[in-house]
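Working notes, beginning with the structure itself.
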Amino acid sequence: MGTPAAAGPGPVATGSVVAPEARLTERAAGPITLAIRFTGSGSEYFRIWLVNLLLVVVTVGIYYPWAKVRRLRYFYANTLVGNNAVGRHALRFHGDPKRMLIGYLITSALFVLYSIAGTVSAVAGAVALVALAVVWPAFIRAGLRFRLSNTSWRGLRFAFDGTLSGAYRVLLPLVVPLALAVASTVLFAVWADDGGDPNPPLAASAGVAMLVLAVVVACLMAPWILVRLRRYQHDNYRFGSVVARLDIRGSAIYRLLMKTSLVTVATIAVVLGTVGALAAWWFLSGDVAGPQTGDRSRIPPWLVAIAPIVFGLLPLLLVAAAQLVIVPYVTARLQNLFWSATRSEAVQFDSQLSFAKLARLTAFNWLMIIVTLGLYWPFARVAVARLRLEAVVLHLRDDPATIIGEARSRDPGNTGDAAADVFGFDPGF
């Protein structure tokens, strides 16, 4: 499918009603391009965030589903999709916080039981981990169905058609590293029951080997599992009669993993090189290297003051470099890769999120969060949402009015207020 041309300027629609001449302009122009605009502001969301935070703390977490619904409704209501010809229409979130509370309590109870089991014994923790892994694919599917069925655009609900068996098939390969991890836990438990001999017997050695093997297998499988999970998601997204598909191979993620590894090595090298150069300057300019090299008085006072701090905070500097460089790089590349490969006969997504812009924004956000002691967090979230959303455009083969009209004529229930699941599981996909 070639890249459609953007629609030319047309009559501007107001509200949710599109003028007939605007629809005629769309059909005459053929394929059209819909941009995404985010109109939220940090100051508006700050008030919502502050109230949510206080109520969640006061209610010991019970208010969390209501807080999440308020947040989602604000971000959705400020996400506008369209152009001058068809009008810009906001997304809507219709989730019921009372139903989300049930799902929240169930998942919280499972994690609490898992934590308690881990303190009882290693074997009990392993059993709890297996139990959690068994139900997790069902939670993922329920969350996707709940989120999509409660999201609408121009009055038409989205849907998720993924099956429960499909969710289990996607995550089935993870049984291998999970089994290795459980076996490792059992072997360590056997060793501990024998008194924890400092000269490791066969059980302890085998446990270490299986644990290392489990980590290696999980790391090697992670890109492949990510593609399978994203394909399960994107292939089952539906808007009326439009069903998406993800046209991507696992090799693309492995290539991205290799590039990420190079970026990681380069980032670590820059950090270590900078700290090493600072250390060399600091030591060679002082009495440590002898009088021939001069005295430390030639070093700027601010450098003398911060050098010990820099050396002591080297691990923190590496973590900061990962947050400021590696995380934005992976985020930008994955968004562009997955959404640009999502298409159907009627729609093609295109994402052009800039790594450089995201990295600069991330650095600025973290600086402001530190300076304001965390109060800049809602402003940072709004800024990141705007950058990521506005990097995506949609190319449509036909005008949205036709797609929505056909969907309503075939299934009027698409505009109803029915959620997909009994419990409001929402993992945040």
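Just so it is clear, the values below take in all heavy atoms, side chains as well, and ignore hydrogens, waters and symmetry mates.
Between the CZ atom in Arg386 and the CD1 atom in Ile36 there is a gap of 13.5 Å [rounded to 0.5 Å]. For the atom pair OG1 of Thr342 and CD of Gln233, the computed distance is 10.0 Å after rounding to the nearest 0.5 Å. In this structure, CG on Leu72 lies 10.0 Å from CG on Asn150, to the nearest 0.5 angstrom. The CG atom of Leu50 sits 8.0 Å away from atom CG of Leu375, with the distance rounded to the nearest 0.5 Å. Note that CD1 of Ile225 is 6.5 Å distant from CG of Leu171, once rounded to the nearest 0.5 Å.
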Item to check | Trace of the side-chain hydrogen bond (donor to acceptor under 3.5 Å, both in side chains) decision for Asn52 with Arg70 | outcome: CA-CA 8 Å; Asn52 283 347; Arg70 289 188 67 199; 3.3 Å; yes
Checklist entry - After noting the C-alpha distance and the side-chain angles of Arg92 and Trp153, does the key distance pass the side-chain contact (heavy atoms from CB on, under 4.5 Å) rule? => result CA-CA 6 Å; Arg92 294 286 183 268; Trp153 184 63; over 6 Å; no
Next on the checklist: The test is side-chain contact (heavy atoms from CB on, under 4.5 Å); show your working for Trp224 and Tyr254 and say whether it passes.
Outcome noted: CA-CA 8 Å; Trp224 178 50; Tyr254 282 97; 3.6 Å; yes
Checklist entry - Are Ser149 and Arg157 close enough, and set up right, to give a side-chain contact (heavy atoms from CB on, under 4.5 Å), and what steps lead you there? => result CA-CA 6 Å; Ser149 68; Arg157 301 262 182 141; 5.5 Å; no
Item to check | Trace of the side-chain contact (heavy atoms from CB on, under 4.5 Å) decision for Val393 with Leu34 | outcome: CA-CA 6 Å; Val393 297; Leu34 302 184; over 6 Å; no
What donor-acceptor contacts under 3.5 angstrom involve side-chain atoms of residues 327-337, with partners at least two apart or in another chain?
| unit_1 | atom_1 | unit_2 | atom_2 | d |
| --- | --- | --- | --- | --- |
| Thr331 | OG1 | Val327 | O | 2.8 |
| Gln335 | OE1 | Arg388 | NE | 2.8 |
| Gln335 | OE1 | Arg388 | NH2 | 3.1 |
| Gln335 | NE2 | Ser351 | OG | 3.3 |
| Gln335 | NE2 | Arg388 | O | 3.0 |
| Asn336 | OD1 | Ser351 | OG | 2.7 |
| Asn336 | OD1 | Leu353 | N | 2.7 |
| Asn336 | ND2 | Ala332 | O | 3.2 |
| Asn336 | ND2 | Leu353 | O | 2.9 |

Which donor-acceptor pairs under 3.5 Å do side chains of residues 215-222 form with protein atoms, sequence neighbours excluded?
none

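Applying the side chain to side chain contact (heavy atoms under 4.5 Å, CB included) test to Leu324 and every residue at least two apart in sequence or in another chain returns Thr362, Ala363, Trp366. Every residue two or more places apart in sequence or in another chain was checked for a side-chain hydrogen bond (donor to acceptor under 3.5 Å, both in side chains) with Arg73, and none qualifies. Checked against side-chain hydrogen bond (donor to acceptor under 3.5 Å, both in side chains), Tyr64 has no partners two or more places apart in sequence or in another chain.
The shortest distance between side-chain heavy atoms of Phe160 and Arg238 does not fall below 4.5 Å. Using a 4.5 Å heavy-atom threshold, the side chains of Phe139 and Thr107 count as touching. Side-chain contact check for Thr33 versus Leu394: every heavy-atom pair is 4.5 Å or farther apart.
No donor-acceptor distance shorter than 3.5 angstrom exists from the side chain of Arg145 to the backbone of Asp161, with no hydrogens or angles considered. One N or O on the side chain of Asp235 and one on the backbone of Leu246 form a donor-acceptor pair closer than 3.5 Å. The main-chain N or O of Leu180 is never found under 3.5 Å from a side-chain atom of Ser184 such that the two would form a donor-acceptor pair. With hydrogens and angles disregarded, a donor-acceptor distance shorter than 3.5 Å links the side chain of Arg228 to the backbone of Val170. At distances below 3.5 Å, not a single donor-acceptor pair connects side-chain atoms of Tyr76 with backbone N or O atoms of Ser152. A distance-only check finds a donor-acceptor pair linking the side chain of Ser41 to the backbone of Glu44 [under 3.5 Å].
Here the shortest heavy-atom pairing between Ala67 and Val56 reads CB-CG2, 4.0 Å. Ala90 approaches Ala77 most closely through the heavy-atom pair CB-O, 3.3 Å. Of all heavy-atom pairs spanning Asp96 and Phe146, the tightest one is N-CZ, 4.2 Å. Contact between Phe355 and Val325 at its shortest, heavy atoms only, is CE1-O, 3.4 Å. Of all the heavy atoms in Ala380 and Asn365, the pair that sits closest is CB-CG, 3.4 Å. Closest heavy-atom contact between Leu132 and Phe111: CD2-CE2, 3.7 Å.
Using a 3.5 Å distance cut-off with no hydrogens or angles, the side chains of Asn83 and Arg88 do not pair a donor with an acceptor. No donor-acceptor contact under 3.5 angstrom links the side chains of Gln348 and Asp350, judged on distance only.
Pairs engaging residues 244-257 under the salt bridge (charged side-chain N to carboxylate O under 4.0 Å, His left out) rule: Asp247-Arg343 [sequence neighbours left out].
Aromatic ring centres of Tyr104 and Tyr63 lie farther apart than the 6.0 Å criterion allows. Note: Tyr376 and Phe379 meet the aromatic proximity criterion, with ring centroids under 6.0 Å apart.
Aromatic ring orientation, Tyr45 versus Phe75: perpendicular (interplanar angle above 60°, classes split at 30° and 60°).
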